[in-house]
2 protein chains.
Amino acid sequence: MQIPVKSADAVGKIVRASRKAQNIRQDDAAGSIGVSENFLGKIERGGESVQWGKLFQVLDGLGIRVVLDVPESVADHISQQHKSQAKS
Amino acid sequence: MQIPVKSADAVGKIVRASRKAQNIRQDDAAGSIGVSENFLGKIERGGESVQWGKLFQVLDGLGIRVVLDVPESVADHISQQHKSQAKS
DNA sequence: TAGAAATCCTCACAATCATGAGGATTTCAC
DNA sequence: GTGAAATCCTCATGATTGTGAGGATTTCTA
(Lines give C-alpha, C1' and ligand atoms only; values in the text may rest on other atoms or scores of the structure.)
Protein backbone atom coordinates (compact mmCIF):
# COMPACT_ATOMS: atom_id res chain seq x y z
CA MET A 1 0.00 0.00 0.00
CA GLN A 2 1.21 3.45 -0.91
CA ILE A 3 1.17 6.11 1.75
CA PRO A 4 1.82 9.73 0.80
CA VAL A 5 4.18 11.50 3.17
CA LYS A 6 2.68 14.92 3.89
CA SER A 7 5.31 16.11 6.29
CA ALA A 8 8.81 15.13 7.33
CA ASP A 9 7.65 13.90 10.74
CA ALA A 10 4.98 11.63 9.27
CA VAL A 11 7.60 9.01 8.42
CA GLY A 12 7.87 8.09 12.08
CA LYS A 13 4.44 6.50 12.42
CA ILE A 14 5.01 4.40 9.34
CA VAL A 15 8.40 3.22 10.57
CA ARG A 16 6.92 2.22 13.94
CA ALA A 17 3.96 0.50 12.36
CA SER A 18 6.28 -1.42 10.07
CA ARG A 19 8.42 -2.57 12.94
CA LYS A 20 5.46 -3.64 15.05
CA ALA A 21 3.85 -5.41 12.10
CA GLN A 22 6.97 -7.57 12.07
CA ASN A 23 6.84 -8.02 15.86
CA ILE A 24 10.32 -6.68 16.36
CA ARG A 25 11.47 -4.68 19.34
CA GLN A 26 13.12 -1.34 18.83
CA ASP A 27 16.52 -2.47 20.10
CA ASP A 28 16.50 -5.64 17.97
CA ALA A 29 15.49 -3.78 14.82
CA ALA A 30 18.09 -1.11 15.45
CA GLY A 31 20.75 -3.75 15.97
CA SER A 32 20.02 -5.63 12.77
CA ILE A 33 19.68 -2.44 10.73
CA GLY A 34 22.95 -1.08 12.07
CA VAL A 35 21.81 2.04 13.91
CA SER A 36 21.48 2.90 17.58
CA GLU A 37 18.25 2.22 19.44
CA ASN A 38 18.22 5.89 20.34
CA PHE A 39 18.27 6.80 16.67
CA LEU A 40 15.46 4.46 15.73
CA GLY A 41 13.41 5.80 18.62
CA LYS A 42 14.00 9.33 17.45
CA ILE A 43 12.82 8.48 13.93
CA GLU A 44 9.69 6.74 15.23
CA ARG A 45 8.81 9.74 17.37
CA GLY A 46 8.86 11.85 14.23
CA GLY A 47 12.33 13.36 14.43
CA GLU A 48 13.13 15.52 11.41
CA SER A 49 16.72 16.30 12.24
CA VAL A 50 17.99 12.89 11.29
CA GLN A 51 20.44 12.14 8.56
CA TRP A 52 18.73 11.11 5.33
CA GLY A 53 21.21 8.36 4.54
CA LYS A 54 20.63 6.71 7.89
CA LEU A 55 16.87 7.14 7.65
CA PHE A 56 16.98 5.42 4.28
CA GLN A 57 18.97 2.62 5.88
CA VAL A 58 16.17 2.16 8.40
CA LEU A 59 13.42 2.26 5.78
CA ASP A 60 15.30 -0.27 3.68
CA GLY A 61 15.95 -2.46 6.72
CA LEU A 62 12.24 -2.54 7.51
CA GLY A 63 11.23 -3.28 3.94
CA ILE A 64 9.69 0.13 3.34
CA ARG A 65 10.08 1.30 -0.21
CA VAL A 66 10.55 4.97 -1.03
CA VAL A 67 8.90 6.36 -4.14
CA LEU A 68 9.12 9.89 -5.50
CA ASP A 69 6.20 11.14 -7.52
CA VAL A 70 7.07 13.72 -10.17
CA PRO A 71 5.44 15.23 -13.28
CA GLU A 72 6.25 13.54 -16.61
CA SER A 73 8.32 16.55 -17.64
CA VAL A 74 10.73 15.75 -14.82
CA ALA A 75 10.99 12.13 -15.87
CA ASP A 76 11.95 13.40 -19.34
CA HIS A 77 14.74 15.47 -17.83
CA ILE A 78 16.09 12.44 -16.05
CA SER A 79 16.27 10.58 -19.34
CA GLN A 80 18.06 13.55 -20.88
CA GLN A 81 20.60 13.62 -18.12
CA HIS A 82 21.29 9.98 -18.74
CA LYS A 83 21.68 10.57 -22.48
CA SER A 84 23.98 13.55 -22.11
CA GLN A 85 26.13 11.49 -19.80
CA ALA A 86 26.31 8.69 -22.30
CA LYS A 87 27.55 11.19 -24.94
CA SER A 88 30.49 12.27 -22.86
CA MET B 1 5.33 9.50 -12.70
CA GLN B 2 6.49 7.35 -9.82
CA ILE B 3 10.17 6.72 -9.42
CA PRO B 4 11.37 4.13 -6.93
CA VAL B 5 14.33 5.28 -4.84
CA LYS B 6 16.79 2.41 -4.72
CA SER B 7 19.47 4.16 -2.72
CA ALA B 8 19.78 7.26 -0.60
CA ASP B 9 21.94 9.02 -3.16
CA ALA B 10 19.46 8.44 -5.98
CA VAL B 11 17.31 11.32 -4.76
CA GLY B 12 19.84 13.80 -6.08
CA LYS B 13 19.25 13.15 -9.76
CA ILE B 14 15.52 13.52 -9.32
CA VAL B 15 15.90 16.78 -7.43
CA ARG B 16 18.15 18.22 -10.11
CA ALA B 17 15.90 17.05 -12.93
CA SER B 18 12.91 18.60 -11.18
CA ARG B 19 14.68 21.91 -10.78
CA LYS B 20 15.84 22.00 -14.39
CA ALA B 21 12.40 20.98 -15.65
CA GLN B 22 11.17 24.20 -14.04
CA ASN B 23 14.10 26.17 -15.51
CA ILE B 24 15.27 27.41 -12.15
CA ARG B 25 18.85 28.02 -11.17
CA GLN B 26 20.29 26.38 -8.09
CA ASP B 27 20.72 29.61 -6.15
CA ASP B 28 17.20 30.84 -6.99
CA ALA B 29 15.59 27.54 -6.02
CA ALA B 30 17.60 27.39 -2.81
CA GLY B 31 16.57 30.93 -1.97
CA SER B 32 12.87 30.39 -2.45
CA ILE B 33 12.92 27.03 -0.65
CA GLY B 34 14.81 28.51 2.27
CA VAL B 35 18.06 26.53 2.20
CA SER B 36 21.59 27.46 1.20
CA GLU B 37 22.77 26.98 -2.37
CA ASN B 38 25.54 24.85 -0.98
CA PHE B 39 22.97 22.55 0.62
CA LEU B 40 20.90 22.19 -2.52
CA GLY B 41 24.05 21.48 -4.52
CA LYS B 42 25.01 18.81 -2.02
CA ILE B 43 21.62 17.12 -2.33
CA GLU B 44 21.75 17.19 -6.13
CA ARG B 45 25.19 15.60 -6.13
CA GLY B 46 23.74 12.72 -4.15
CA GLY B 47 24.71 13.69 -0.62
CA GLU B 48 23.35 11.24 1.96
CA SER B 49 24.45 13.06 5.07
CA VAL B 50 21.80 15.72 4.83
CA GLN B 51 19.10 16.41 7.35
CA TRP B 52 15.86 14.65 6.43
CA GLY B 53 13.68 17.55 7.46
CA LYS B 54 15.54 19.94 5.20
CA LEU B 55 15.60 17.44 2.35
CA PHE B 56 11.85 17.11 2.65
CA GLN B 57 11.62 20.89 2.52
CA VAL B 58 13.48 20.83 -0.78
CA LEU B 59 11.36 18.03 -2.22
CA ASP B 60 8.21 19.86 -1.20
CA GLY B 61 9.52 23.14 -2.59
CA LEU B 62 10.17 21.50 -5.96
CA GLY B 63 6.78 19.81 -6.06
CA ILE B 64 8.18 16.32 -5.57
CA ARG B 65 5.87 14.08 -3.61
CA VAL B 66 7.20 11.41 -1.28
CA VAL B 67 5.37 8.10 -1.07
CA LEU B 68 6.18 5.13 1.15
CA ASP B 69 5.20 1.72 -0.09
CA VAL B 70 4.40 -0.82 2.63
CA PRO B 71 2.64 -4.17 2.93
CA GLU B 72 -1.06 -4.07 3.85
CA SER B 73 -0.25 -5.49 7.27
CA VAL B 74 1.65 -2.31 8.03
CA ALA B 75 -1.23 -0.14 6.92
CA ASP B 76 -3.41 -2.10 9.36
CA HIS B 77 -1.02 -1.29 12.17
CA ILE B 78 -1.20 2.38 11.35
CA SER B 79 -4.98 2.25 11.64
CA GLN B 80 -4.62 0.46 14.97
CA GLN B 81 -2.27 3.09 16.27
CA HIS B 82 -4.81 5.70 15.35
CA LYS B 83 -7.60 3.80 17.10
CA SER B 84 -5.65 3.17 20.29
CA GLN B 85 -4.83 6.85 20.40
CA ALA B 86 -8.48 7.75 20.00
CA LYS B 87 -9.29 5.53 23.02
CA SER B 88 -6.96 7.35 25.35
C1' DT C 1 -3.67 -3.97 39.62
C1' DA C 2 1.36 -5.38 39.49
C1' DG C 3 5.32 -5.67 37.52
C1' DA C 4 8.29 -7.04 33.76
C1' DA C 5 9.35 -5.34 29.43
C1' DA C 6 9.63 -1.76 26.17
C1' DT C 7 10.35 2.82 25.17
C1' DC C 8 11.59 7.60 26.23
C1' DC C 9 14.77 10.97 27.81
C1' DT C 10 19.08 13.09 29.37
C1' DC C 11 23.94 13.29 29.34
C1' DA C 12 28.63 13.71 27.43
C1' DC C 13 31.39 13.45 23.60
C1' DA C 14 33.50 13.18 19.15
C1' DA C 15 32.15 13.70 14.69
C1' DT C 16 29.56 16.06 11.50
C1' DC C 17 26.47 19.52 9.25
C1' DA C 18 24.36 24.06 7.17
C1' DT C 19 25.72 28.43 6.30
C1' DG C 20 27.99 32.20 3.75
C1' DA C 21 31.99 33.74 1.44
C1' DG C 22 35.05 33.29 -2.21
C1' DG C 23 37.59 31.12 -5.70
C1' DA C 24 38.08 26.92 -9.01
C1' DT C 25 35.96 24.33 -12.44
C1' DT C 26 32.44 23.07 -15.63
C1' DT C 27 28.70 24.05 -18.73
C1' DC C 28 26.66 25.67 -22.80
C1' DA C 29 24.92 29.37 -25.92
C1' DC C 30 26.77 31.92 -29.45
C1' DG D 1 36.53 28.08 -29.68
C1' DT D 2 35.16 31.81 -26.25
C1' DG D 3 33.55 33.53 -22.33
C1' DA D 4 29.65 34.53 -19.35
C1' DA D 5 26.93 31.97 -16.36
C1' DA D 6 26.14 28.13 -13.48
C1' DT D 7 27.82 24.86 -10.45
C1' DC D 8 31.37 22.74 -7.57
C1' DC D 9 34.57 22.93 -3.87
C1' DT D 10 37.09 24.61 0.21
C1' DC D 11 37.19 27.15 4.38
C1' DA D 12 35.81 28.69 9.02
C1' DT D 13 32.31 28.75 12.30
C1' DG D 14 28.67 27.83 15.41
C1' DA D 15 25.20 24.58 15.69
C1' DT D 16 23.83 19.99 15.51
C1' DT D 17 23.80 14.79 15.26
C1' DG D 18 24.56 9.58 16.34
C1' DT D 19 26.28 6.88 19.80
C1' DG D 20 26.25 4.37 24.23
C1' DA D 21 25.18 4.51 28.99
C1' DG D 22 21.91 4.82 32.45
C1' DG D 23 17.82 6.10 34.67
C1' DA D 24 12.74 7.74 34.19
C1' DT D 25 8.46 6.75 32.32
C1' DT D 26 5.06 4.24 29.79
C1' DT D 27 3.05 0.07 28.01
C1' DC D 28 0.62 -4.05 28.27
C1' DT D 29 0.08 -8.90 29.61
C1' DA D 30 -1.34 -11.89 33.16
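Just so it is clear: chains get the letters A, B, ... in the order the sequence lines come, proteins before strands, and each one is counted from 1. Here the structure is a predicted model, which means the values were calculated and not measured.
- Looking at B:L40 and B:V15, their side chains come closer than 4.5 Å, going by heavy atoms from C-beta outward.
- In 5' to 3' order, the nucleotides of DNA chain D bounding all contacts with chain B (an atom under 4.0 Å from a heavy atom) are D:dA6 to D:dT17.
- For the segment residues 33-41 of chain B, the set of residues with a heavy atom within less than 4.0 Å of an atom of DNA chain D comprises B:E37, B:N38, B:G41, in numerical order.
- Here the P atom of nucleotide C:dA5 and the CG atom of A:D28 are 14 Å apart, to the nearest Å.
- Side chain of B:W52 to backbone of A:L55: no donor-acceptor contact under 3.5 angstrom is found.
- Between A:R45 and A:R16, some side-chain heavy-atom pair lies under the 4.5 Å cut-off.
- With a 4.5 Å cut-off on side-chain heavy atoms, B:V50 and A:Q51 do not count as touching.
- Contact detail for B:A17 and A:I78: the closest heavy-atom pair is CB-CG1, 3.4 Å.
- Listed by residue number, the members of residues 47-59 of chain A with any heavy atom below 4.0 angstrom from DNA chain D are A:S49, A:V50, A:Q51, A:K54.
- Under a hydrophobic clustering in which Ile, Leu, Val, Met, Phe, Trp and Tyr are joined whenever their side-chain heavy atoms come within less than 4.5 Å, directly or via other members, B:V5 and A:V70 fall into the same cluster.
- Rounding to the nearest 0.5 Å places CG of A:L62 at 4.0 Å from CD1 of A:I33.
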Salt bridge (charged side-chain N to carboxylate O under 4.0 Å, His left out) between B:R19 and B:E44, intermediate numbers included: CA-CA 10 Å; B:R19 179 176 60 79; B:E44 294 192 356; 2.6 Å; yes
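- Between B:G34 and B:K54, the shortest heavy-atom contact is O-NZ, 4.4 Å.
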B:D9 and B:S7: CA distance, side-chain angles, deciding distance, side-chain hydrogen bond (donor to acceptor under 3.5 Å, both in side chains) verdict: CA-CA 5 Å; B:D9 66 348; B:S7 59; 2.6 Å; yes
